[in-house]
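Structure record follows, encoded as structure tokens.
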2 protein chains.
Amino acid sequence: MDSLFTPSSIAVVGASAVSGKIGNTILTNLQNAGYKGELCPVNPRGGTICDLKAFKSASEIGHPVDLAVIAVPRDSVLGVLKDLIETGVRSVAIISAGFSEVGREGWLLEKQITELAEKNGISLLGPNCLGLINSSGGVNASFATGNPLPGTTAFFSQSGALCVAILDWALEAGVGFSKFVSLGNKAVINEASIIEYLGNDPETKVILGYVENIADGRNFMEQAVKVSMKKPIIMMKAGITAAGARAASSHTGAIAGSDQACDAAFRQSGIIRVDRLEELFNLAKAFSCQELPFGPNLGIVTNAGGPGILAADACGEYGLRMPSFSSPTIAELQPMLPGYASIYNPVDLLRGADADRYRKAIKVVGHDPVINSVLVIIAPSENMNLKEVAETVATCASEICKPVFCCLMGRKNSEEARSVFAAAGVPVYDFPKQAVRAMDSMYRYAVWKGRASRTFEIPDRDYEAAREVVDSALSSGRSELVEFQARDIVTAYGLPTPESDLARSGDEAALLAERLGFPVVLKIASPDISHKSDVNGVWLNLKTAEEVRNAFWQITAQAQRLKPSAYIAGCLVQQMASKDAREVIIGFRRDDQFGPLLMFGLGGVYVEILKDISFRLAPLSVEDAGDMVREIRSYMLLKGVRGSEPADFDAITDVLIRMSCLADDFPEIYEAEFNPVLVSSDEALVADARMTIVELPSAGKESDLIIDEDLSKEA
Amino acid sequence: MDSLFTPSSIAVVGASAVSGKIGNTILTNLQNAGYKGELCPVNPRGGTICDLKAFKSASEIGHPVDLAVIAVPRDSVLGVLKDLIETGVRSVAIISAGFSEVGREGWLLEKQITELAEKNGISLLGPNCLGLINSSGGVNASFATGNPLPGTTAFFSQSGALCVAILDWALEAGVGFSKFVSLGNKAVINEASIIEYLGNDPETKVILGYVENIADGRNFMEQAVKVSMKKPIIMMKAGITAAGARAASSHTGAIAGSDQACDAAFRQSGIIRVDRLEELFNLAKAFSCQELPFGPNLGIVTNAGGPGILAADACGEYGLRMPSFSSPTIAELQPMLPGYASIYNPVDLLRGADADRYRKAIKVVGHDPVINSVLVIIAPSENMNLKEVAETVATCASEICKPVFCCLMGRKNSEEARSVFAAAGVPVYDFPKQAVRAMDSMYRYAVWKGRASRTFEIPDRDYEAAREVVDSALSSGRSELVEFQARDIVTAYGLPTPESDLARSGDEAALLAERLGFPVVLKIASPDISHKSDVNGVWLNLKTAEEVRNAFWQITAQAQRLKPSAYIAGCLVQQMASKDAREVIIGFRRDDQFGPLLMFGLGGVYVEILKDISFRLAPLSVEDAGDMVREIRSYMLLKGVRGSEPADFDAITDVLIRMSCLADDFPEIYEAEFNPVLVSSDEALVADARMTIVELPSAGKESDLIIDEDLSKEA
């Protein structure tokens, strides 16, 4: 991708002398940015464009260029690309629009372009994009107006409109960029490849991104998890809500993956997710100029009570703490501040605070070993020499080996002070909450970087046995496994189930129950009934042979009446769970973008009504499995309340890890749910399992399948 | 309060000729604002200050002034105030600090000032405040730098530092104010009185406020509920989290009420609560220039996909809907837009959209009867004539009788367009989310204004019987009612309880159980044991006389062993709840600022672990009671899941309303909890009740009590 970002020669295909035309803007942007390499306008009419000799075609240039920017009408793009490939072009940015975002015809054209680029090993940006900017090389190969300031933050965006707006805001806010990339339709270069590239870019310290969908979830996570250990990746993903996702798919031809899957992907790869565009920059400011804190403890120095309270509120809302200072700190603060001043956290220097008072307080607070980072709030007051205060705070910040942030209340007459902070690398915010949010993100990122490496355990299992069940079900054309098939797979994967057996008559059921020991559960056994409760097909707590006989008769009769077409094999007789057992649900669903998304929650109302569910993507590490269990709101119920025994956590995580393994082993299993898993203090029994299977498309058929899907959508 | 805001004469006591002194800034601010009334500097040295004759004392002025602004050292304030009162001053703003915010001495001084002002009927602002501004009368009686622009938004703030910062931001953002008030320590004028005044101020269309505590909750609600039916009140309350509340009480001498109470108060009085300072202004912008929408249906017109998705996401996050357009709209849009354009909601005009395309689309969408408000997103593109687009959008907005908002992506070169929108009264936002948040608030406010008036029912109850119980408990020095006392009150308030009776021996218990019918519950009966479960004092589901006898013996023995000092009256024998009964908890706690705060939740883990509780302040209307029940996350469990019968909602709301009535009838009851209330499909039985009572201070004693409290806090 180097040829894209640091090209020694650039061709602008579709260059124009007419101001306002895209082909003109790109050329002049390159000239204005001070691009030093060879610049070749290409226009069939030749002549001179922007004081440069224009070539009539790419081949006329006579040697391969590193980068070709294509800004010609859509229907000429493919031809131009072929020409360029013949000349040996290394990378291409297609500005032209009208491809997959507009329907079938464009989609097919884009597919041809993609194949061509991939076959010839060409880095291709776009189509339907704004271009790219590398501020260090004078490469402004975009039609955005205005050159960004140089900086250490890279930005990529799926939306061109946001690129334009963001360049604007950044210019006004004085934020600089190392690289600036408009991904457009992501035909070849997508968020995964750009993150990989930026991860290795020494000029980039922080990566920002805006996406509406993730093209290749697994690869994306693989790159992101590597890069985020080196530098922070801060991303916004739009299309979160159902309404947003609908807009996303109609506008960019992107099918948004489920947001839970995306959220899990971001979390599992250490990406810092934001939900406001403003936050992208508020966080970038912090990460680009301050070191990570060693802990969550924030010390606040302010000259006004109100903003101090707002900062404290924000600490409570996010995860930071405002501990009491150590006693030497309090002893030192007391004599140096007026009698009225609060010497606790936050330290209130009062309205009359000058530079000297700030210096003393920041130094004492900053050196308190309890404190991990310092927030300095400045509310300019009538006689304050703001510049002097800013210089003092900046000096103190450089002397304390901890992150120091500043909140400067009010914008008027603060330009000078803001420049002082910018030069010193102290991030400045308008509102306390923004500063605390940024500090909290840095702390969380530090925790993520410092966490133990993940442990992936491959559990023992009888793959062949499970394979046989799945294959036989597929060959019989089933889309849902029958109860005993699912149970065989559960057993093959080393998971315990309550003892149970099939009874074909009431007497047989009573006999089995006596063997298993009362009380027992009776469940309808039919390959045609997957939701047993729909036919009232599960009877609990049957205590006598008589009850069992009666239940058998009623269950089978009712099932036959409600589902006359169903084949009824009889009833399953099952041990009752021990009295202190809690029901949990463990399942997965295959996400289009990210693969198997595992879910965990407490059974019944907790999952169904309170939606108290945790999510992670497979493959699941031991640590992830533990986090899933601890993350649900109702976790305390598993830990045991009011004297009840804690659940067997190892057994739960074992089920999660084995299910994750199953999901990875069998792409044919589209969905699976163990519900309930009966968890007591010393085991977790999979009492019921359901699995949905699909025939996998053979490799050769895949692309046909996609085209068919597309057709059906347009119909 | 008119004398404060529209004074015909103003004395500045502590006026100074020295630039930079507060007494000088106030005087020059008044002069620069063009104040036309009589302006009297007061300074013991006399002479001329800022070209005005200075009076040596207030009495030298020779006639009473409407407003005196006091900016003298703290210890002179009381003397100055007495002088002013002798001259007949009508209102006073005390700028000087050093009062209740700094400790006991200042607190006592503030108390004297308050009493003096109240006795003489003087409107007193502050102390420890910035002053006030009435932009229409040229009254800038503050030491804030810079005159605010005139406008229709009023702002009041408890924090002076925020006032300064906000004036700053507002000037930069071009936001104008009708009134601007710094409340300071709120000795006399507080949020309640200022809201009342601003509610009647014809120059104010929108009221904004920032507070750290609410001084007199009941009065505040009474004023707010009246005013918010006339104009929107948008408020931020800091000190939300425990950390913030600690900072709030150490900094401003304010004891923050619990945030749940405050939240309930805001909701019940129609106040729009925000949790970011930015939002105060984002909302003010919307409310001050657009009409309220008639429904939640938003139509979006954009020229870029990305921002459209962000807006759709925001709709999902807040409560707005993005319905499909009606078919005539779609039919009209189709021919007027390029083939690629999305003609569904959001309408995507594509990158090349010009003023004409915007006009056509906005008109069609705006006239669709399905749509209640329109959001126009403009992402400036290379060849767009932004000013022309802005003018067109503004014209369309004025022609459509629905609220129209604009989101203008990017700030550069947009000044002209922004002025066009400002002049036309179309609110403009930088980010789609801000616009949607504002539109959602307007919709919610419209719903609040349009809601049916509240119905307050006073239930039949035997007040005298309950009074007797409370009085007898108080006279015996109890702080907690004994079970049967609490039950007597429950009965006196017309609430059903499960049949139960006291048994003094195991045999008596068995007899009673047989009379009530098995199964029964046994509960320890002791005036000294309020948490029965601590002594394992509740045994459920006893099915035989033998079990009851055994339980009696074990319960009493264990209680005696664990609490040897407790007097054990025996056991209460109680009917078991019907099988489908659900347990709910209904209680109240008396909030210092807002009075009884009622709580409702499902019993057990739902309240204790999931914190799934709804809150309202008494007195509770029938509608509020219904909202409380519907608001909890676990509401579906009451509605009935999987075939279980729905709970008796009328019975639940009846309990809530009777408890609210009880709370209002008996200020002596400090806390009460009905737990559990057993709710079946046709009744709600109060199975257990606890109440804590306190001796009320007699009227004469009250102020002593408060002083004592203060002493004890300082000790």
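Residue numbering restarts at 1 for every chain, and letters A, B, ... go by the order of the sequence lines.
Ranked by non-hydrogen atom pairs under 4.5 Å with chain B, the options A:L310, A:I166, A:L162, A:V164 are led by A:L310. Of the residues considered (B:I300, B:L350, B:D275, B:L408), B:D275 shows the highest number of contacts with chain A, using heavy-atom pairs under 4.5 Å. Among B:E317, B:K611, B:R351, the residue with the largest count of heavy-atom pairs under 4.5 Å with chain A is B:R351. Interface summary for chain B: among A:R633, A:Q434, A:M636, the most heavy-atom pairs under 4.5 angstrom belong to A:R633.
Atoms CE and CG, on B:M236 and B:L277 in that order, are 4.5 Å from each other to the nearest 0.5 Å. For the atom pair A:M409 CE and B:W169 CH2, the distance stands at 4.0 Å (nearest 0.5 Å).
With a 4.5 angstrom heavy-atom cutoff, B:I22 touches chain A only via side-chain atoms. When heavy atoms are compared at a cutoff of 4.5 Å, B:L171 approaches chain A solely by way of its side chain, counted from C-beta outward. If you measure heavy-atom distances from B:D612 to chain A, the contacts under 4.5 Å come from the side chain alone. Contacts between B:Y210 and chain A at a heavy-atom distance below 4.5 Å involve the side chain alone, from C-beta outward. Using a 4.5 Å cut-off between heavy atoms, B:T25 does not touch chain A at all. For B:R321, no part lies under 4.5 angstrom from a heavy atom of chain A. Interface remark: A:N303 contributes no atoms to any contact with chain B (heavy atom separation under 4.5 Å). Heavy-atom distances place both the backbone and the side chain of B:A165 under 4.5 Å from chain A.
The heavy-atom pair separating B:N128 from B:A97 by the smallest distance is OD1-CB, 3.5 Å. In terms of heavy atoms, A:L375 sits closest to A:C407 at CD1-N, 4.1 Å.
With sequence neighbours excluded, no residue forms a side chain to side chain donor-acceptor pair (under 3.5 Å) with A:D168. Take B:Y429 and apply the ring pair (Phe, Tyr, Trp, His ring centres under 6.0 Å) test, not counting sequence neighbours, and it matches no residue.
The pair A:K433-A:D313 does not count as a salt bridge, with every side-chain nitrogen at least 4.0 angstrom from each carboxylate oxygen. Between B:E279 and B:R437 a salt bridge is recorded (basic side-chain N to carboxylate O distance below 4.0 Å).
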